Amino acid sequence: MAYEKIWKDRPNLHASEKKKLIKDGLEIFNDIPFYAQNGFDSIPKEEWDSFKWAGLYLQRPKEDGYFMMRVNIPSGILSNEQVETLAGIARDYGRDVIDITTRQAIQFHWLRIEEIPDIFERLKRVGLSSAGACGDITRNIVGNPLAGIDKDELFDTTSIVKEVYEYFQMNEEFSNLPRKYKLSISANVCNASNAEINCLSFIPATKELDGEHVVGFNVKVGGGLSARPYLARLLDVFVLPEQVKDVAIAITTIFRDYGYREKRHYARLKFLVADWGVDTFKEKLFEYTGPLPSRGEDASKGWNAGYFYGIHEQKQAGYYYAGFHVPVGRLHTKELFEIAALARKYGNGDVRTCNSQNFIIPNVPKEKVEELSRLSFFQNITTKPQSFIGYAVSCTGIEYCNLALVETKNRLRAIATYLDEQLTIDVPVRIHMVGCPNSCGQRQIADIGLQGVKMKGEKGLVEAFELYVGGTLIDGGKFNEKLKGKISGEELPDVLLSFLTFFKDEKQAGETFYQFIGRVGIQPLQEKLNQILEEVTV
């Protein structure tokens, strides 16, 4: 029985909401076979956006008829058969391009509508799906990529993530939310899932209940980035592992039924939480779940930003995992096939993707560790990346994305490589580059965030960047702050080199970029940037 759309009679519904009243977003799956048989020209323009529910966006320029596809990878956990299937799709249809996203998903480009049914069938055969990877729906669930093998996890969340993910998959009761809806579930004590920037996050906690020490989750709600970023806020509730699905359903129902549907830019859960406050939100939650215990003791111990480089012991005695770097998250078919082969040879075949746009080969027996550590099977993919390229994150950019204003991936890769050639600092500096305010590259939480804009040049508008400093998710998080001034794309490498050289010269030994700003403040960085910009414009 279909749920009642209690929002259907609200005044001033956005046009997209009126469309949802007529046709469920997931119905696009019923239409795709017809479009595939009849070609791109058979798709009405008003239906282009509906493909998001199938994990598909038209890439730039839309009229050319090529799609980008995201494939959900809950917690980033992939079997060997799944890895090979993904590599085969890129080889056969995706022009050799595979991106790991900042939500652990896999992204393809250059797909044609005629090819989509076969791609769906290949994904289905190995238990993968693109449903809900985009659209106003529950997105891929971000989790701990080391779930089940992690010495730094409170408990294994694999089955919990699977249960929640499968409940929401193709579920028409939750397929037409006010906007995109991002969940994370992780018991990694180093906040590997970036809890504070998700709509709903379950984070590791402990509590005394009835005289017994139990493990479970605290809950954060209302996080999100884009042009108006919010850090998720802590609800005063404690959730046992077996209660996660019911609590997730309840909070998603609140968003579905009470979230804003009048203005698209004001429709995320973060705005509802901000307006209601966490106490009112908790009271509404209890209407669905009944009373829950007050929050437990937070088990978190800092923030690793999803980085797991190197070879490390697992919780299983005698086994190790290897964390590899992928420059700005971009792989090619040959590389992914070779990763699958190496995972079979050295591990149990599994591969894990990270929200830092990297990957892990788990379950390596102790006797194979030395051979694996000596391996140099790729020129750029390594367990020991250089500092700047190893902590560089980028969105898709203008190469494929219709929203982007500037080129990002190739540019950031070149800049980070240049910085590594010119400069050595005793701590990593996380640099995130985004092509527009939507911030798929999560620039707000970076040490240095670079956001693409346009600026006037000698021959008209040119690609440029605004610079933001001091982002973190340590101790609940802090978004980075904008410095005044725009930097042309052409001048950006040398401006960053001078800017980071100043940091190196002024910092204390072992001091991170975030700690440096906390000690000296923003003003010295602004003054230095002003000086650099004056010099490059002379």
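As the structure is a prediction and not an experimental result, all values here were calculated from the model.
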- Message: For Leu177, is there any backbone N or O sitting under 3.5 Å from a side-chain donor or acceptor partner on Lys20?
- Response: yes
- Does some side-chain heavy atom of Leu123 sit less than 4.5 Å from a side-chain heavy atom of Leu86? yes
- Task: Check whether any side-chain N or O of Asn72 sits under 3.5 Å from a backbone N or O of Ser129 as a donor-acceptor pair, and report yes or no.
- Result: yes
- Answer with yes or no whether the side chains of Gln59 and Tyr57 bring together a donor and an acceptor at under 3.5 Å. no
- Item | Asn194 versus Trp303, side-chain donor and acceptor atoms under 3.5 Å | yes
- In terms of heavy-atom contacts, does NZ of Lys23 have more than 12 from other residues, nucleotides or ligands at under 6.0 Å? yes
- Task: Give a yes or no on whether the backbone of Ser394 and the side-chain of Gln357 come within a donor-acceptor separation of less than 3.5 Å.
- Result: yes
- Message: Any non-hydrogen side-chain atom of Met69 less than 4.5 Å from a side-chain atom of Ile116?
- Response: yes
- Taking all non-hydrogen atoms of both residues into account, name the closest pair between Tyr288 and Ile254 and its distance. CE1-CG1, 3.6 Å
- Nearest-0.5 Å distance that lies between atom CG in Asp236 and atom CG in Leu292: 10.0 Å
- State, yes or no, whether a side-chain contact exists between Phe155 and Ile160 at a heavy-atom distance under 4.5 Å. yes
- Decide yes or no on side chain to side chain contact (heavy atoms under 4.5 Å, CB included) for Arg268 and Lys182, but give the supporting numbers first. CA-CA 10 Å; Arg268 293 285 300 277; Lys182 299 181 176 182; 4.2 Å; yes
- Between Arg352 and Tyr321, is NZ or CZ placed under 6.0 angstrom from the six-membered ring centre and within 45° of the ring axis? no
- Is a side-chain N or O of Asp152 found less than 3.5 angstrom from the main chain of Asn188, in a donor-acceptor match? no
- Just how far is it from atom OG1 of Thr472 to atom CZ of Arg430, taken to the nearest 0.5 Å? 6.0 Å
- Task: Answer yes or no: are there more than 12 heavy-atom neighbours, outside Lys8 itself, under 6.0 Å from its atom NZ?
- Result: yes
- Query: Aromatic ring centroids of Tyr230 and Phe271 under 6.0 Å?
  - Reply: yes
- How far apart are the C-alpha atoms of Arg264 and Asp136, what are their side-chain angles, what is the distance that settles it, and do they pass the salt bridge (charged side-chain N to carboxylate O under 4.0 Å, His left out) test? CA-CA 10 Å; Arg264 293 285 290 171; Asp136 301 345; 2.7 Å; yes
- Message: For Val161 versus Ser75, what's the shortest heavy-atom pair and its separation?
- Response: CG2-OG, 3.5 Å
- Message: Using only atom types and a distance under 3.5 Å, with no angle test, would you say the side chain of Gln107 pairs donor to acceptor with the backbone of Met68?
- Response: no
- Query: Quick one: does Asp298's side chain have a donor or acceptor within less than 3.5 Å of a partner on Asn218's backbone?
  - Reply: no
- Message: For Glu297, is the CD atom crowded, meaning more than 12 foreign heavy atoms sit under 6.0 Å from it?
- Response: no
- Qualifying residue for salt bridge (Lys or Arg N to Asp or Glu O under 4.0 Å) with Glu84, from Arg122, Arg344, Arg125: Arg344
- Query: What distance do Thr206 atom OG1 and Phe217 atom CZ have between them, rounded to the nearest 0.5 Å?
  - Reply: 12.5 Å
- Pairwise side-chain contact, Phe479 with Leu231, heavy-atom cut-off 4.5 Å (strictly under): yes
- Message: Any side-chain to backbone donor/acceptor pair from Asn191 onto Ala195? Under 3.5 Å, distance only.
- Response: yes
- Query: Is any side-chain heavy atom of Asp275 closer than 4.5 Å to a side-chain heavy atom of Thr280?
  - Reply: no
- Item | Rounded distance (nearest 0.5 Å) linking atom CZ of Arg295 with atom CG of Leu235 | 9.5 Å
- Item | Rounded distance (nearest 0.5 Å) linking atom CD1 of Ile203 with atom OG of Ser186 | 10.0 Å
- Message: Side chains of Lys19 and Ser50 only: does a donor on one sit below 3.5 Å from an acceptor on the other?
- Response: yes
- Message: Quick one, Tyr167 with Glu163, criterion side chain to side chain contact (heavy atoms under 4.5 Å, CB included). Give me CA distance, side-chain angles, the key distance, then yes/no.
- Response: CA-CA 6 Å; Tyr167 177 84; Glu163 180 184 35; 5.8 Å; no
- Message: Under a plain distance cut-off of 3.5 Å, with no hydrogens placed, do Ser175 and Asp24 share a side-chain donor-acceptor pair?
- Response: yes
- Task: Might you point out which heavy atoms bring Cys395 and Gly441 nearest each other, and give the distance in Å?
- Result: CB-N, 3.7 Å
- For the side chain of Lys409 and the backbone of Gly397, is there at least one donor-acceptor N/O pair under 3.5 Å apart? no
- For Thr252 and Tyr181, test the side chains for any donor-to-acceptor distance below 3.5 angstrom and give the result as yes or no. yes
- Message: Under 4.0 Å between a side-chain nitrogen and a carboxylate oxygen: does that hold for Lys315 and Asp156?
- Response: no
- Answer yes or no: is there a side-chain heavy-atom contact under 4.5 Å between Ile100 and Asn358? no
- Query: Any side-chain heavy atom of Val164 within less than 4.5 Å of one from Thr138?
  - Reply: no
- Shortest non-hydrogen pair, Ala248 vs Leu183, comes out as CB-CD2, 4.4 Å
- Just wondering, are more than 12 heavy atoms of other shown residues or ligands nearer than 6.0 Å to NZ in Lys162? no
- Lys/Arg-Asp/Glu bridge criterion (N-O < 4.0 Å) met for Glu287, Lys284: yes
- Task: Quick one: closest heavy-atom pair of Ala131 and Met170, and the distance?
- Result: CB-SD, 3.5 Å
- Item | Name of the residue among Phe51, Trp48, Tyr400 meeting ring pair (Phe, Tyr, Trp, His ring centres under 6.0 Å) with Phe67 | Phe51
- Message: Could you check, using the six-membered ring where one of them is a Trp, whether Tyr391 and Tyr309 have ring centers closer than 6.0 angstrom?
- Response: yes
- Run the side chain to side chain contact (heavy atoms under 4.5 Å, CB included) check on Thr102 and His432 step by step: do they pass? CA-CA 11 Å; Thr102 53; His432 290 212; over 6 Å; no
- Query: Quick one: CZ on Phe281 to CG on Leu269, what's the gap to the nearest 0.5 Å?
  - Reply: 5.0 Å
- Note on the structure: Note: Thr158 and Gly148 closest approach over all heavy atoms is OG1-N, 4.3 Å
- Answer with yes or no after comparing the ring centroid distance for Phe29 and Phe120 against a 6.0 Å cut-off, counting only values under it. yes
- Query: Counting heavy atoms not belonging to Asn30, are there more than 12 under 6.0 Å from its CG?
  - Reply: yes
- Dump the intermediate steps for side chain to side chain contact (heavy atoms under 4.5 Å, CB included) on Tyr319 and Val364, then the final yes or no. CA-CA 5 Å; Tyr319 285 87; Val364 179; over 6 Å; no
- Using atom types as modelled and distance alone, determine if a side-chain donor or acceptor of Asn198 lies under 3.5 Å from a backbone N or O of Leu200. no
- Query: Is the closest side-chain donor-acceptor distance between Asn144 and Asp150 under 3.5 Å?
  - Reply: yes
- Any Pro428 side-chain heavy atom under 4.5 Å of Ser387 side chain: yes
- Task: Test Glu17 against every option in Arg10, Arg256, Arg261 by the salt bridge (Lys or Arg N to Asp or Glu O under 4.0 Å) rule and name the one that passes.
- Result: Arg261
- Query: Could Glu196 and Lys478 be called an ion pair, given the rule that one side-chain N must be under 4.0 Å from one carboxylate O?
  - Reply: no
- Would you say the side-chain atoms of Ser201 pair up with the backbone N or O of Lys220, donor to acceptor, closer than 3.5 Å? no
